[in-house]
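A quick write-up on the structure given underneath.
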Amino acid sequence: MGGGDDLENLHCPRCSGIRVSRVPSGKPMPYWCGDCRKNFSVRTNSIMERTRIGYQKWAIGLFLYVTNLKGVSSMKLHRDLNITQKSAWFMLHRLREAYSQNRDMFDGIVEVDETFIGGLEKNKHKDRKLNAGRGGVGKSIVVGAKERESRKVRAQVIENTRRKTLHGFIEDNVEPGSVVNTDDFKSYEKLDGYDHQFVKHSVGEYVNEMAHNNGVESFWSMLKRAHKGTYHKFSKKHLHRYVNEFVVRHNVREMDTIGQMEIIVAGMVGRRIMYKELVSGEDGRLD
């Protein structure tokens, strides 16, 4: 934003106005915009807007967030930063909000697979059991793709594993004509426009010449280790945020720490999420 009394490169983050001046007292904010006639600071129009947590704690929290490969829990962060668990939980979700997936289409050889996230039905409290069967009952479904050459991944939460849903994910993320590797799940059949190769998991086959989806399955392993070992539970309401977090973690893992932090800082601008939005509804608990 500029340093000292030099306001030449300073503009309002709300209206992009350049008629700005410094507020002598610095209160309620250090700058004033003559165009929209509002005060602003470096936090305005970002995920840090109206935060009461100091910049130093935000910087330390950001460092801990990117350097813990399996994620950092709100309980650990609240102890490390000496803030409440509620504030730590809110900070972590705002950092996740600043992470964004690259939406470039995959090509070449692309592995596609789906997985189920959630607790076992038999381990649930009686009033939470669906009594509708076993296996994936009550769990959330995530589908993912991995581009074999770049080793980048893409994943999203889906409502079901029907053919239309899985084919739609592939069409949205993989260039037509690419080689798509899947298992022999029936919903992947009749995948038009792609060179579809599959392995028969149903008969214990996991590699068929060059066809396999071991790469995307290794991503599921990391996600589930974080689920069990760090967070212990992903609420359905916020699962997409955790999935997005670990997609970006995987895709930037070869960058140094400063580079990873810079990605999040750049993603803070123009994004804001309210606490009441995070906790609204019965599944908005602080987990």
Side-chain angles (χ1 to χ4, degrees), residues 66 69-71 96-117 136 140-202 205-227 234 239-256 259-260 262-264 266-267 271:
V66 301
L69 299 181
K70 296 178 186 176
R96 292 184 185 104
E97 186 71 13
Y99 254 157
S100 60
Q101 295 190 38
N102 187 313
R103 305 311 303 183
D104 292 341
M105 297 286 279
F106 286 172
D107 59 15
I109 300 176
V110 182
E111 303 171 23
V112 178
D113 191 32
E114 76 289 338
T115 192
F116 294 85
I117 302 290
S140 299
I141 311 166
V142 183
V143 63
K146 184 172 184 177
E147 189 177 48
R148 194 171 294 175
E149 182 176 357
S150 68
R151 296 189 292 175
K152 302 294 187 183
V153 299
R154 185 84 43 78
Q156 70 181 55
V157 180
I158 54 177
E159 290 295 323
N160 55 65
T161 56
R162 298 190 185 102
R163 181 172 298 171
K164 181 179 179 180
T165 302
L166 295 180
H167 283 205
F169 172 79
I170 294 171
E171 291 164 359
D172 289 343
N173 293 283
V174 183
E175 289 282 3
S178 302
V179 177
V180 175
N181 287 181
T182 71
D183 56 26
D184 56 345
F185 183 45
K186 285 191 174 296
S187 290
Y188 290 119
E189 293 178 352
K190 300 180 181 178
L191 185 59
D192 296 329
Y194 300 90
D195 181 0
H196 182 205
Q197 302 175 8
F198 60 90
V199 290
K200 298 180 179 179
H201 282 182
S202 59
E205 180 183 69
Y206 293 92
V207 178
N208 180 8
E209 296 182 352
M210 293 298 292
H212 65 79
N213 53 11
N214 297 338
V216 68
E217 287 180 348
S218 70
F219 174 71
W220 297 145
S221 296
M222 174 60 77
L223 179 63
K224 291 181 178 181
R225 283 198 295 271
H227 176 219
F234 292 153
L239 177 59
H240 67 287
R241 303 182 191 279
Y242 291 99
V243 169
N244 181 73
E245 171 187 348
F246 281 91
V247 165
V248 183
R249 279 185 185 279
H250 176 91
N251 291 342
V252 302
R253 68 196 184 285
E254 295 182 359
M255 297 179 65
D256 60 28
Q260 293 182 35
E262 287 175 344
I263 287 176
I264 296 181
R271 285 191 173 95

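Keep in mind that this is a model prediction, so the values were computed, not measured.
- Open room surrounds CZ on Arg162; 12 or fewer heavy atoms of other groups in view lie less than 6.0 Å from it.
- No side-chain heavy atom of Glu159 sits less than 4.5 Å from a side-chain heavy atom of Thr165.
- Taking the side chain as every heavy atom from C-beta outward, Lys146 and Ser218 approach each other to under 4.5 Å.
- When all heavy atoms of Val174 and Tyr194 are compared, the closest pair comes out as O-OH, 2.9 Å.
- Judged by distance alone, the side chains of Arg151 and Asn251 never bring a donor and an acceptor atom under 3.5 Å apart.
- Going from atom CZ of Phe185 over to atom CG of Asp113 covers 10.5 Å, rounded to the nearest 0.5 Å.
- For the pair Arg96 and Tyr99, the cation-pi criterion (under 6.0 Å, within 45° of the ring axis) is not fulfilled.
- Put simply, the side chain of Glu111 gets close to the backbone of Val216: a donor and an acceptor are under 3.5 Å apart.
- To the nearest 0.5 angstrom, Asp183 atom CG is 6.0 Å from Tyr188 atom OH.
- One distance of note links CD of Glu114 with OG1 of Thr161; it measures 6.5 Å at 0.5 Å rounding.
- From Arg253, atom CZ reaches atom CG of Leu69 across 10.5 Å, with rounding to the nearest 0.5 Å.
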In sequence, state the C-alpha distance, the side-chain angles, and the governing distance for Phe234 and Leu223, and then conclude on side-chain contact (heavy atoms from CB on, under 4.5 Å).
CA-CA 11 Å; Phe234 292 153; Leu223 179 63; 4.1 Å; yes

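- Listed here is the closest heavy atom pair of Gly108 and Ser178: O-CB, 3.4 Å.
- Summarising the geometry, atom CD1 belonging to Ile158 is positioned 15.5 Å from atom NE2 belonging to His240; distances are rounded to the nearest 0.5 Å.
- At a threshold of 4.5 Å between non-hydrogen side-chain atoms, the residues Val243 and Gln156 do not count as touching.
- The shortest side-chain heavy-atom distance between Asp104 and Lys152 does not fall under the 4.5 Å cut-off.
- The backbone N or O of Met255 lies less than 3.5 Å from a partner atom in the side chain of Gln260, making a donor-acceptor pair.
- Note: Phe219 and His250 have perpendicular aromatic rings, judged against thresholds of 30 and 60 degrees for the angle between ring planes.
- Ring pair Phe198/His196 is tilted by interplanar angle, where 30° to 60° counts as tilted.
- Using a 4.5 Å cut-off on side-chain heavy atoms (C-beta onward), Ser100 and Arg271 make contact.
- Across all their heavy atoms, Asn181 and Asn213 have their closest contact at O-CB, 4.4 Å.
- Within the 4.5 Å cutoff, no side-chain heavy atoms of Val153 are placed close to those of Phe246.
- A donor-acceptor contact shorter than 3.5 Å links the side chain of His167 to the backbone of Glu189.
- Residues Arg154 and Phe106 come closest through the heavy atom pair NH2-CE2, 3.3 Å.
- The structure places CD1 of Ile117 at 8.0 Å from OG of Ser140, a figure rounded to the nearest 0.5 Å.
- Annotation: side chain of Val248 is not in contact with side chain of Ile264 (no heavy-atom distance under 4.5 Å).
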Begin from the C-alpha positions of Val179 and Arg148 and carry the test side-chain contact (heavy atoms from CB on, under 4.5 Å) through to its verdict.
CA-CA 10 Å; Val179 177; Arg148 194 171 294 175; over 6 Å; no

